[in-house]
Amino acid sequence: MNQALTPEQRRYQNRVSHLQTRQQANLTRGPKGVAAVWWDQARAYAARADREGDPEMWDHLARTLENWCQQAEQREQQRNGQ
């Protein structure tokens, strides 16, 4: 027998299902498409947390992106012999 889901559980299931559908649809675009889906998802998580009183998720996302950009810059410098 299936247990009834709370509204929060149902919303979570819907979000997961939507993410999986978008990721599958974007596989044809390769890593660029998958990255676009993750970028949208990251912003959605941060915005939702902010609405629920947890603005620190934006800070965490910003630090993660800063780290990624620093690594990308280092790789670029290595490619250019600097």
Side-chain angles (χ1 to χ4, degrees):
M1 184 172 171
N2 289 339
Q3 184 177 357
L5 297 176
T6 66
E8 293 82 16
Q9 290 170 324
R10 186 69 185 146
R11 280 191 291 274
Y12 176 77
Q13 272 190 347
N14 288 342
R15 284 194 303 267
V16 168
S17 177
H18 178 73
L19 173 63
Q20 290 171 342
T21 300
R22 288 195 62 221
Q23 284 178 329
Q24 190 64 36
N26 276 289
L27 283 177
T28 59
R29 291 179 54 206
K32 185 189 294 188
V34 174
V37 173
W38 280 119
W39 168 242
D40 291 343
Q41 188 70 11
R43 290 183 318 182
Y45 276 127
R48 190 167 30 260
D50 193 21
R51 282 192 306 273
E52 294 172 358
D54 184 11
E56 290 181 22
M57 289 300 289
W58 282 117
D59 292 332
H60 180 65
L61 178 57
R63 285 191 305 273
T64 300
L65 291 171
E66 178 184 22
N67 182 49
W68 186 92
C69 288
Q70 288 173 347
Q71 290 176 15
E73 178 65 25
Q74 289 172 355
R75 289 176 66 148
E76 192 170 292
Q77 287 174 358
Q78 289 171 353
R79 281 194 310 269
N80 293 318
Q82 296 178 3

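Keep in mind that the numbers below use all heavy atoms, side chains included, and drop hydrogens, waters and symmetry copies.
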Within-4.5 Å side-chain heavy-atom neighbours: Leu65 and Trp39: yes

Side chain proximity check, His60 to Arg63, heavy atoms < 4.5 angstrom: yes

From CA spacing to verdict: side-chain hydrogen bond (donor to acceptor under 3.5 Å, both in side chains), Gln78, Gln74: CA-CA 6 Å; Gln78 289 171 353; Gln74 289 172 355; 5.8 Å; no

Pair Asn14-Arg10, side-chain contact (heavy atoms from CB on, under 4.5 Å): steps then yes or no: CA-CA 6 Å; Asn14 288 342; Arg10 186 69 185 146; 3.7 Å; yes

I need the minimum non-hydrogen distance between [X] and [Y], along with the two atoms involved.
| X | Y | result |
| --- | --- | --- |
| Ala46 | Met57 | CA-CB, 4.0 Å |
| Pro55 | Asp50 | CB-OD1, 3.3 Å |
| Arg22 | Val37 | O-CG2, 3.7 Å |

Going from [atom1] on [X] to [atom2] on [Y], what distance comes out if it is rounded to the nearest 0.5 angstrom?
| X | Y | atom1 | atom2 | value |
| --- | --- | --- | --- | --- |
| Thr64 | Asp59 | OG1 | CG | 10.5 Å |
| Thr6 | Gln9 | OG1 | CD | 3.5 Å |
| Gln77 | Arg75 | CD | CZ | 13.0 Å |

Gln13 CD: over 12 foreign heavy atoms closer than 6.0 Å: yes

Gln24 atom CD: more than 12 heavy-atom contacts under 6.0 Å: no

Audit row: Arg11, Arg48, side-chain contact (heavy atoms from CB on, under 4.5 Å) steps and yes/no: CA-CA 12 Å; Arg11 280 191 291 274; Arg48 190 167 30 260; over 6 Å; no

